[in-house]
Chemist: 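One structure follows; several queries about it will come next.
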2 protein chains.
Amino acid sequence: MRESHAVEARPYHHGDLRRALVDAARRILEAEGPTALSLRAVAREAGVSPAAPYHHFKDKAELLDAVASEGWQMLDAAMAKAKAQAETRNKLNALGIAYVCFARDNPALYRVMYDAARDKEALPEDMQDSEDSAYCKVRNTMVELGADPTATIDLELATTAAWCAAHGLAEMAGFKQFDHLKEELGGETAFLQAVFAHLGLFLHVRHD
Amino acid sequence: MRESHAVEARPYHHGDLRRALVDAARRILEAEGPTALSLRAVAREAGVSPAAPYHHFKDKAELLDAVASEGWQMLDAAMAKAKAQAETRNKLNALGIAYVCFARDNPALYRVMYDAARDKEALPEDMQDSEDSAYCKVRNTMVELGADPTATIDLELATTAAWCAAHGLAEMAGFKQFDHLKEELGGETAFLQAVFAHLGLFLHVRHD
DNA sequence: ATCGATATCTGGACGACGTAAAGATATCTT
DNA sequence: AAGATATCTTTACGTCGTCCAGATATCGAT
């Protein structure tokens, strides 16, 4: 009767309500935006009472943490794919573009990711540790392109700078102010490439 | 009986309740953060009924617009001061640092500014037009430093890139992840300078 | 100065929200 | 089979954004 999704072990009444709630949240986020994302709406969408989520999440914030966590995984995957498909000297390019495109294609999710981080005053912990994180992919790529892997501080600074640039651009790219620049440059990707170039990253963008 | 602030023309009952509401909002924002900033709390702080603000603002969003607008003016002023005090070849430096420091010192206000912009999908309109805006100060400074003023597209791209870099850094600087970098570099300003350098802006930071 | 029009503020109400407590119900352990 | 435990529902409380009907003060024209 309920939608089935992945029919994983359903140990209790509903059968992995936790999963269903996160999915419901993502569905609402995509369909109606962040302002419509209330705990009650998520419960409604999942077909349970307003108090049910509290057996799986301490808070609304904890639900959003779970959503954000999936967002980071998606970002990691998108950047892994982009890196794999690019030639060595274009890998940094590919990573930056993949980052900004992810933010453009999932604006609400991207917002939830950083909102959750701001509340804890920290990006996801494993971002600097786990080797398959987007952050580490950027750092590793810099080494592959010739950065000195023993100059750890400098390497981290460079990675942080690239991250700042990508995040700043991701946040700005949506504003109307830059519409005329996008037009004059012949598209959004050209705009992104041009800004990246001025940021000193000299990324080359594939037009799609 | 009511607090007096600027005793400007008080044409009606309260005497410029609009001003009082914006001030109250900024006070709450500074003292208790963005989550405590409800319309009712603002009205309470200003000593009026919960419905009173609706005679001066269509919305809660419209009140926040007014707060954000003051934030942009403050940013403009801070950057004007920084530019005036710096030597010519350091002016871009000074602007970038002033931007990030403003965000660091007024985090809640900075957030309101960009939240309001995101809702309208546009930064304040006069940002690209009025000559005393922070954005135009960056662009003009680039010309003073040798950028070709007739290459308008390139000039705008460079300005946009600098803006993205500053915004990205402003958003990242608050995260705990970078604490160890700040320590190892001997302070937050040194960290900011280092990241700016990697961003290709090569700004020199004064330590304060 | 008077009086109607108008702008400002209050009080009360509505629905939606986050969340807590208590009761019902299904699963797990033994 | 039965008690313990986890899950879900119902009900409830306080807060929020917003609207509406009245009260009150200012303004404009006479």
Chemist: Using a strict 4.0 Å threshold on nitrogen-to-oxygen distance, state whether Glu171(A) and Arg111(A) make a salt bridge.
Modeler: yes
Chemist: Whole angstrom is fine here: how far is it from CG in Asp59(A) over to P in dG18(C)?
Modeler: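 Result: 11 Å.
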Chemist: Below 4.0 angstrom, N of the basic side chain to O of the carboxylate: do Glu144(B) and Lys91(B) qualify?
Modeler: no
Chemist: CZ of Arg18(A) versus P of dA6(D): gap in Å, rounded?
Modeler: 16 Å
Chemist: How close or far is atom P of dC9(C) from atom CG of Asp16(B), stated in whole angstroms?
Modeler: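 Whole-Å distance recorded here is 10 Å.
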Chemist: Grab the NZ-P distance between Lys60(A) and dG18(C) for me, whole Å please.
Modeler: 5 Å
Chemist: Taking NZ, NE, NH1 and NH2 as the nitrogens, is one of them in Arg118(B) or Asp115(B) under 4.0 Å from a carboxylate oxygen of the other?
Modeler: yes
Chemist: How would you list, by chain and number, every residue that makes a salt bridge (charged side-chain N to carboxylate O under 4.0 Å, His left out) with Glu156(B), sequence neighbours excluded?
Modeler: none
Chemist: Rounded to whole angstroms, how far apart are NE2 on His56(B) and P on dT10(C)?
Modeler: 10 Å
Chemist: Quick one: label Arg44(B) by what it contacts on the DNA or RNA (base, sugar-phosphate, nothing), any heavy atom closer than 4.0 Å.
Modeler: sugar-phosphate
Chemist: Roughly how many Å is it from CG in Leu63(A) to P in dG18(C), rounded to a whole number?
Modeler: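 Taking CG of Leu63(A) and P of dG18(C), I get 10 Å after rounding.
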Chemist: Quick one: Phe57(B) CZ to dC9(C) P, roughly how many Å, whole number?
Modeler: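 Spelled out: CZ on Phe57(B) to P on dC9(C) is 11 Å.
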Chemist: Of all the choices, dC20(D), dG18(C), dT9(D), which nucleotide is nearest to the side chain of Arg40(A) once you look at every atom?
Modeler: dG18(C)
Chemist: On DNA chain C, check which nucleotide each of His55(A) and Pro50(A) is closest to and give me the residue with the more 5' one.
Modeler: Pro50(A)
Chemist: Can you work out whether Ala51(A) or Leu17(B) has the more 5'-proximal nearest nucleotide on DNA chain C?
Modeler: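 Checking each residue's closest nucleotide, the 5'-ward one belongs to Leu17(B).
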Chemist: Would you classify Ser38(B) as touching base, sugar-phosphate or nothing, given that sugar-phosphate means primed atoms plus P, OP1 and OP2, and contacts are heavy atoms under 4.0 Å?
Modeler: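 Here Ser38(B) touches the backbone only, sparing every base.
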Chemist: How close or far is atom P of dA13(C) from atom OH of Tyr54(B), stated in whole angstroms?
Modeler: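 Going from OH in Tyr54(B) over to P in dA13(C) covers 18 Å.
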